Amino acid sequence: MKYQPTKEGYYGQFGGAFIPELLHPNVLELEDNYIKIIESKEFQDEYKALLKDYVGRPTPLYLAERLSEKYGATIYLKREDLNHTGAHKVNNTVGQILIAKKLGKTKIIAETGAGQHGVATATVCALMGLECIVFMGEKDIARQAPNVARMKMLGAKVVPALSGSKTLKDATNEAIRYWIQHPDSYYLIGSVVGPAPYPDMVARLQAIISEEMKWQLKEKTGKENPDTIIACVGGGSNAAGAFYHYLEDEEVGLVAVEAGGLGVDSGESAATSQLGQVGVIHGSKTILMQDEYGQITEPYSISAGLDYPGVGPLHAFLHETKRAEFLNATDDEALEAAFELTKLEGIIPALETAHALAVLPKMDLKKDQVIVINLSGRGDKDLETYMKHLKE
Ligand SMILES: *Cc1c(COP(=O)(O)O)cnc(C)c1O
């Protein structure tokens, strides 16, 4: 299994667990137990029941006829936007909260950038009656008031990160600092990033996306495999979930779309695979955007969920081995794609998701080519941005 990590959590040269000595017991505890727990019948029963009745799965696989007609291909949308809380992130938080409970943890910590993962975490903590602390950059708290309000209403404590640029990477530093001081807490990471075993654990929990795609495609087309799967990549969790059960099927094309921002060479971008170099971020060896001194550089994208300065180690490996093709879309291209999907299909996508849609015009498509686009989230949270760009 070429695209599964080693026991130490390596995908080729990427991955591993680069963490302070004091956190080794926590990570070891998780490493020793996560596969056992996830594969147990008890976990699977609870997880699948919550996904069905709480999250609203299976999410539909929808044939987008007008979009298909426009691009001359057969395009299906995997509707993760219809999940409770509006995106794929809850697949992971539901799974990890069950794992945390099985490990006897009662206090959950998380970091968040735009607040989407913070909301998904606060949601499952409310569901389970567990204490929740969310670290968030002070600047992001000011920018993302509705999500801060949601987290507070859900009972979470939102702690501002006051250091550095006061954004996501600073919130991550604060969360790790707190974890060292309170090793009894459970650190709930929101993407396929962080020290092993998080990238693999999160990928397994998001793999429900491609598990459903397989039987849904079979039902609709008679074949389990599409020709191409397209997903946007911030840290890489929705893409990992959409790719997971197809990774070893090399005839299925995988397209990962990063945020080009104002343009890859503009200095205002988050296209990590194009701009990054090998380094360590968030406890994992991967590719990340850094300056000549190895300091992490601040990424930029119009979409808050994609402006992460790294990608998870699986994606670094998919990029290096060329198993996945890495494309990018600029702010303007993403906006245009969001308006187009809305007009053609009556679906307002999240700005992150719009990046995945935006590569359709750049691809060489054929009429009978079956494409699945992972519609990672809905656009309600982005309405303010969309309104600024609405043309009559
Ligand atoms: C957070 C988010 C993303 C980016 O995160 P990944 O881990 O790369 O999936 C993409 N789409 C939506 C809707 C999100 O909320």
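In each ligand, atom 1 is the first atom listed, and ligand 1 is the first ligand listed. From a predicted model like this one, the values you see are computed outputs, not experimental measurements. Residue indices begin at 1 and follow the sequence shown.
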Next on the checklist: Check this for me - ligand 1, Ser191, N or O atoms closer than 3.5 angstrom, yes or no?
Outcome noted: yes
Next on the checklist: Please determine whether the number of non-hydrogen atoms from other residues, nucleotides or ligands lying under 6.0 Å from atom NZ of Lys362 exceeds 12.
Outcome noted: yes
Next on the checklist: Could you check whether atom CD of Glu336 has more than 12 heavy atoms from other residues, nucleotides or ligands sitting under 6.0 Å from it?
Outcome noted: no
Checklist entry - Do other residues, nucleotides or ligands put more than 12 heavy atoms under 6.0 Å from the CD atom of Glu65? => result no
Checklist entry - Which option out of Gly379, Ala240, Ser376 puts a heavy atom nearest to atom 11 (N) of ligand 1? => result Ser376
Checklist entry - Would Arg378 count as a contact of ligand 1 if the rule is a heavy atom under 4.0 Å away? => result no
Checklist entry - Passes salt bridge (charged side-chain N to carboxylate O under 4.0 Å, His left out), Glu174 versus Lys169? Steps please. => result CA-CA 9 Å; Glu174 289 300 323; Lys169 68 178 163 53; over 6 Å; no
Checklist entry - With only distance considered, is Cys232 within less than 3.5 Å of ligand 1 through an N or O on each side? => result no
Next on the checklist: Please report whether ligand 1 has a polar contact with Gly234, defined as an N or O pair separated by less than 3.5 Å (distance criterion only).
Outcome noted: yes
Next on the checklist: What I want to check is whether the side chains of Tyr187 and His182 have a donor and an acceptor closer together than 3.5 Å.
Outcome noted: no
Next on the checklist: Below a 4.0 angstrom heavy-atom separation, can you tell me which part of Val233, side chain or backbone, both or neither, approaches ligand 1?
Outcome noted: backbone
Next on the checklist: Regarding Ser284 and Thr286, do their side chains bring together a donor and an acceptor under 3.5 Å, going by distance alone?
Outcome noted: no
Next on the checklist: Return the closest protein heavy atom for atom 4 (C) of ligand 1 as residue, atom name and distance.
Outcome noted: Gly305 O, 3.4 Å
Checklist entry - Any nitrogen or oxygen of Thr353, main chain or side chain, under 3.5 Å from a nitrogen or oxygen of ligand 1? => result no
Checklist entry - Hydrophobic clusters join Ile, Leu, Val, Met, Phe, Trp and Tyr when side-chain heavy atoms are under 4.5 Å apart, directly or via other members; which others share one with Val192? => result Val202
Next on the checklist: Taking 4.0 angstrom as the limit and counting only heavy atoms of Gly377, give me the atoms of ligand 1 inside it, by number and element.
Outcome noted: 13 (C)
Checklist outcome for this item: closest protein heavy atom to atom 6 (P) of ligand 1 is Ser237 N, 3.3 Å
Checklist entry - Cut-off 3.5 Å, side chains only: do Asn328 and Gln274 have a donor facing an acceptor? => result no
Item to check | Shortest reach to atom 14 (C) of ligand 1 by a heavy atom, considering only Lys89, His117, Glu352 | outcome: Lys89
Checklist outcome for this item: Any heavy atom of Ala350 under 4.0 Å from ligand 1? The part involved is side chain
